[in-house]
Amino acid sequence: MDTISVADARKAEAVGKAVRLRGWVRTRRDSKGGFSFVELNDGSCQGNVQVVAPGELPNYEAVVKHLHTGASIAVEGEVKASPAKGQATEVLASKLELVGDADAEAYPLQKKGHSFEFLRTIAHLRPRTNTFGAVARLRHRASKTIHDFFDERGFFYVHTPVITASDCEGAGALFRVSTIDPDSPPKAEGKVDYTKDFFGRPAYLTVSGQLQVEGFACALGKVYTFGPTFRAENSNTPRHLAEFWMIEPEMAFYDLSDNMDLAEAFLKRIIADSLDKCGEDLKFFAERVDKEIIGRLEGVRDKPFLRVSYTEAVDILAKSGKTWEFPVAWGNDLQSEHERFLTEQHFKSPVILYDYPRTLKPFYMRVNDDGRTVRAMDVLVPGVGEIIGGSQREERLDVLEGRMREQGLDPHAYDWYLDLRRYGTVPHSGFGLGLERTVLFLSGMANIRDVIPFPRTPGNAEF
RNA sequence: UCCCCGAUAGCUCAAUGGUAGAGCAACCGGCUGUUAACCGGUUUGUUGUAGGUUCGAGUCCUACUCGGGGAGCCA
């Protein structure tokens, strides 16, 4: 007798096999005929397998009739073609063993739907729900595709450090990493003496692996990072986390146009794989979460991404006839309302905006010949907004040092980074993709806290 | 961090300043294959916390906590 997954047991090919199944009870329905239907789920797929538990089972009255949502069971029996609608197969149990009971009075999950807000308070149990099972499988699939995509194209996966001493990477507030006793820190001249700290200097959790991975791009050619990223911003929105996962490819000899080509192919591949391999989960999202999701994904997969310069975008916004809460003028940063208008209303398509004013973007982005703009790009998608941010990097030593001073940074603090320009500098480009924003886009889920297993946000590090 | 809204049974929600309720869940019973099964019955409360106004507060006021939506920061 083989132990098989619920996913396999639901396939018509399984009919006739004697099998063992193990998982958790979703619901039990007692039939008029003196037997019970038990919906069994083991997480292998969205759907449950219907176990038919005959009244003749020796533990029928004592155990089966008291099975509740959440209990774990092991079933032995034969897979049969199901005579009723709703499923191709069912399992006629010859043995049903209770592995672990779930006290029905106390177990918080019921067979009815729960609000996502409530489920967030039981994040350790919510993967047992339809929605969070689907999110977990989709997130896995996206992660797998990301590694496949880069591997197929000759990229190398580089593990950049989680702890960094660069305290001014320009990507948001940092979490400090320290072993100093906060109640009695060592002091020098009235201030905390970080030379006595673990690393002999202030250290932080990374906000980006980009600067480090540039060093590997300028050696291995095409590389990417994929790891956790930390931002200590006090952001309270459905699109921000204090701890999230980011993918950052970096390519030597790529200009901005190559970079945009890669970003577009990359997103399309993630979407295509999700549609191909997570069909049952996406169907669930379409039924319960976002009716438009599959059509929107197919649209982004099939339509070319429009490429619009910042200057053109400002022109379109200014001539739109809309009244904006934030004024549109060349040199002002584009606000959410502007980005949303462009991708959701004006173009109704994914859009790549590029060539932003130099004053709006960090020092490492390459200055254009016009002197006013830099080779930045943002990929905007309907529903989520900015999903990718990237740029061609400034490869000219003198210009890069000038940009650092322009933004009040001391070039000496980036000496190792500048070495990449001193010795064998090359044009290169890269971008960052937020994994959770990608899963938001793929699933149609509304809140980023519901697409990461255990969300960390201001005031919340539960579980 | 700013603006707006909210917090009542295990869950989702009702309740003109005047005796806190329903549906679901759970429990008991019924029902010849059910599909969030169905039908009948039973149980369930420090109305987020702390103050205040009032003869009387779930309801009005203040502060705080937590949650949601929007904005900023960004991925």
Side-chain angles (χ1 to χ4, degrees), chain A residues 26-39 47-55 65-66 68-70 80 82-87 90 92 102-122 129-130 169-173 207-210 226 228-248 263 287-288 325-326 333-337 339-340 360-362 378-381 384-390 431-441 446-452 457-460 462:
Chain A
R26 282 295 174 80
T27 77
R28 186 194 84 244
R29 294 182 293 273
D30 297 327
S31 158
K32 304 175 243 188
F35 58 97
S36 297
F37 299 100
V38 178
E39 292 281 340
N48 308 319
V49 70
Q50 173 167 284
V51 174
V52 179
K65 290 272 278 185
H66 300 278
H68 293 111
T69 303
K80 304 237 178 199
S82 181
K85 283 184 183 175
Q87 60 278 321
E90 62 188 25
L92 179 60
D103 178 6
E105 291 283 346
Y107 189 62
L109 289 173
Q110 302 168 6
K111 60 175 99 174
K112 293 282 270 186
H114 293 287
S115 68
F116 294 147
E117 292 81 6
F118 170 68
L119 292 173
R120 250 171 251 156
T121 68
I122 49 167
T129 64
N130 289 329
E169 292 176 12
V207 293
S208 165
Q210 182 200 315
F226 186 168
T229 306
F230 307 89
R231 304 271 168 95
E233 302 286 352
N234 191 9
S235 296
N236 293 288
T237 85
R239 297 178 307 283
H240 289 85
L241 290 164
E243 176 184 293
F244 62 100
W245 287 66
M246 187 155 66
I247 300 97
E248 296 176 285
E287 283 166 7
R288 300 294 182 89
E325 187 184 346
F326 295 89
D333 214 347
L334 297 180
Q335 305 293 320
S336 288
E337 56 172 341
E339 295 182 346
R340 196 162 286 173
L360 298 179
K361 293 295 183 180
D378 285 349
V379 180
L380 312 179
V381 292
V384 170
E386 184 184 337
I387 197 165
I388 283 177
F431 60 82
L433 172 81
L435 179 65
E436 287 74 19
R437 288 192 181 172
T438 305
V439 178
L440 275 185
F441 180 67
N447 195 312
I448 202 165
R449 298 165 195 214
D450 298 329
V451 297
I452 189 168
T457 53
N460 183 11
E462 183 85 49

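Numbered from 1 within each chain, the chains take letters A, B, ... in sequence-line order. The analysis underlying the following values was restricted to heavy atoms, covering all of them including side chains, and did not include hydrogens, waters or symmetry mates.
- Separating the CD atom of E386(A) from the C1' atom of rA71(B) is a distance of 16 Å, rounded to the nearest angstrom.
- The two atoms that bring A173(A) and V207(A) nearest to each other are O-CG1, 4.0 Å, heavy atoms only.
- In this model, the phosphate group of rU34(B) is not approached by any side-chain N or O of K85(A) to a distance below 4.0 Å at OP1 or OP2.
- Here, rA75(B) and rC5(B) have their C1' atoms 28 Å apart, quoted to the whole Å.
- For Q50(A), whose side chain is taken as the heavy atoms from C-beta onward, the closest listed nucleotide among rA75(B), rA71(B), rU35(B) is rU35(B).
- Out of rC74(B), rG72(B), rU34(B), the shortest distance to the side chain of A84(A) is found at rU34(B).
- E105(A) comes within 4.0 angstrom of sugar-phosphate atoms only, judged by non-hydrogen atoms across all strands, and of no base.
- One atom, CD of Q87(A), and another, C1' of rA37(B), lie 13 Å apart when rounded to the nearest Å.
- rC11(B) and rA7(B) have their C1' atoms separated by 15 Å, given to the nearest Å.
- Regarding contacts with the backbone of rU34(B), every side-chain N or O of S36(A) stays at 4.0 angstrom or more from both OP1 and OP2.
- When each of R26(A), Q87(A), R29(A) is tested with E39(A) by the rule side-chain hydrogen bond (donor to acceptor under 3.5 Å, both in side chains), just one qualifies, namely R29(A).
- In this structure, rU16(B) forms no base pair with any nucleotide, since neither Watson-Crick nor G-U wobble geometry is met with both distances under 3.5 Å.
- The residue G86(A) sits apart from the nucleic acid: no heavy atom pair falls under 4.0 Å.
- Here the C1' atom of nucleotide rA37(B) and the NZ atom of K65(A) are 14 Å apart, to the nearest Å.
- Only the P atoms considered, rC38(B) is 8 Å distant from rC24(B), to the nearest whole Å.
- In this entry rC38(B) has rG30(B) as its Watson-Crick or G-U wobble partner, both defining distances falling under 3.5 Å.
- Rounded to whole Å, the P atom of rA36(B) lies 31 Å from the corresponding atom of rU44(B).
- E436(A) comes within 4.0 angstrom of no nucleic acid atom, judged by non-hydrogen atoms across all strands.
- Across all strands shown, P238(A) has heavy atoms under 4.0 Å from sugar-phosphate atoms exclusively, and none from any base.
- Ranking rU35(B), rG72(B), rA37(B) by closeness to the F326(A) side chain, first place goes to rG72(B).
- Within 4.0 Å of E462(A), counting heavy atoms only, lies no atom of the nucleic acid at all.
- Using cut-offs of 30° and 60° on the angle between ring planes, the pair F118(A) and H114(A) is tilted.
- In this model, the phosphate group of rC27(B) is not approached by any side-chain N or O of H66(A) to a distance below 4.0 Å at OP1 or OP2.
- Within the model, atoms CD1 of I448(A) and OG1 of T237(A) stand 7.5 Å from one another, a figure rounded to the nearest 0.5 Å.
- In this entry rC60(B) has rG52(B) as its Watson-Crick or G-U wobble partner, both defining distances falling under 3.5 Å.
- Rounded to the nearest 0.5 Å, atoms CZ (F35(A)) and CG (L92(A)) are 9.5 Å apart.
- Of the nucleotides present, rC66(B) is the one that pairs with rG6(B) by Watson-Crick or G-U wobble criteria, both distances under 3.5 Å.
- Using a 4.0 Å heavy-atom distance criterion, L241(A) is classed as a base contact.
- In this structure, S115(A) reaches the sugar-phosphate backbone alone: every heavy-atom distance under 4.0 Å involves primed, P, OP1 or OP2 atoms, never a base.
- Residue-level contact check: F35(A) touches the bases, meaning some heavy atom is under 4.0 Å from a base atom.
- Ranking rA36(B), rG72(B), rC27(B) by closeness to the H240(A) side chain, first place goes to rG72(B).
- Comparing the same atom, P, in rG18(B) and in rG52(B) gives a spacing of 22 Å after rounding to whole Å.
- Within 4.0 Å (heavy atoms only), I388(A) reaches sugar-phosphate atoms of the nucleic acid but no base atom.
- For rG72(B), its base never sits under 3.5 Å from the side chain of Q335(A) at any donor and acceptor pair.
- P108(A) comes within 4.0 angstrom of no nucleic acid atom, judged by non-hydrogen atoms across all strands.
- In this structure, CD of E39(A) is placed 8 Å from P of rA37(B), rounded to the nearest angstrom.
- Nucleic acid contact for R28(A): none, since no nucleic acid atom lies under 4.0 Å from a heavy atom of the residue.
- Distances were taken from every side-chain heavy atom of F118(A) (C-beta onward) to each of rU1(B), rC11(B), rC73(B); the shortest belongs to rC11(B).
- We find that CZ of F230(A) is positioned 20 Å from P of rC74(B), with the value rounded to whole Å.
- The C1' atoms of rG45(B) and rU19(B) are separated by 15 Å, rounded to the nearest whole Å.
- If you take NZ of K111(A) and C1' of rG23(B), they are 15 Å apart, rounded to a whole angstrom.
- Contact of N236(A) with rU1(B) (side chain to base): a donor-acceptor pair of N or O atoms is detected under 3.5 Å.
- Residue H114(A) places no side-chain atom within donor-acceptor reach of the base of rC11(B), judged by atom type and a 3.5 Å distance cut-off alone.
- rU62(B) and rU53(B) are spaced 15 Å apart, taking the P atom of each and rounding to whole Å.
- Residue-level contact check: N447(A) touches the backbone only, with heavy atoms under 4.0 Å from sugar-phosphate atoms and none from bases.
- Closest approach of K111(A) and T27(A) over heavy atoms only: CB-CG2, 3.5 Å.
- Contact check, R29(A) against rA37(B): a side-chain N or O comes under 4.0 Å of OP1 or OP2.
- Atom CG of L440(A) and atom CD1 of I387(A) lie 8.0 Å apart (nearest 0.5 Å).
- Across all strands shown, rC73(B) has no partner, as no Watson-Crick or G-U wobble contact with both distances under 3.5 Å is found.
- Taking each heavy atom of E436(A) and W245(A) in turn, the nearest pair found is OE1-N, 3.1 Å.
- In this structure, S235(A) reaches the bases: a heavy-atom distance under 4.0 Å links it to at least one base atom across the strands shown.
- Looking at the side chain of Q110(A), the nearest of the listed nucleotides rC24(B), rA36(B), rU35(B) is rC24(B).
- On the C1' atoms, rA15(B) is 7 Å away from rA20(B), given to the nearest whole Å.
- Heavy atoms of F37(A) sit under 4.0 angstrom from at least one base atom.
- What separates CD of E243(A) from P of rA75(B) is a distance of 17 Å, to the nearest Å.
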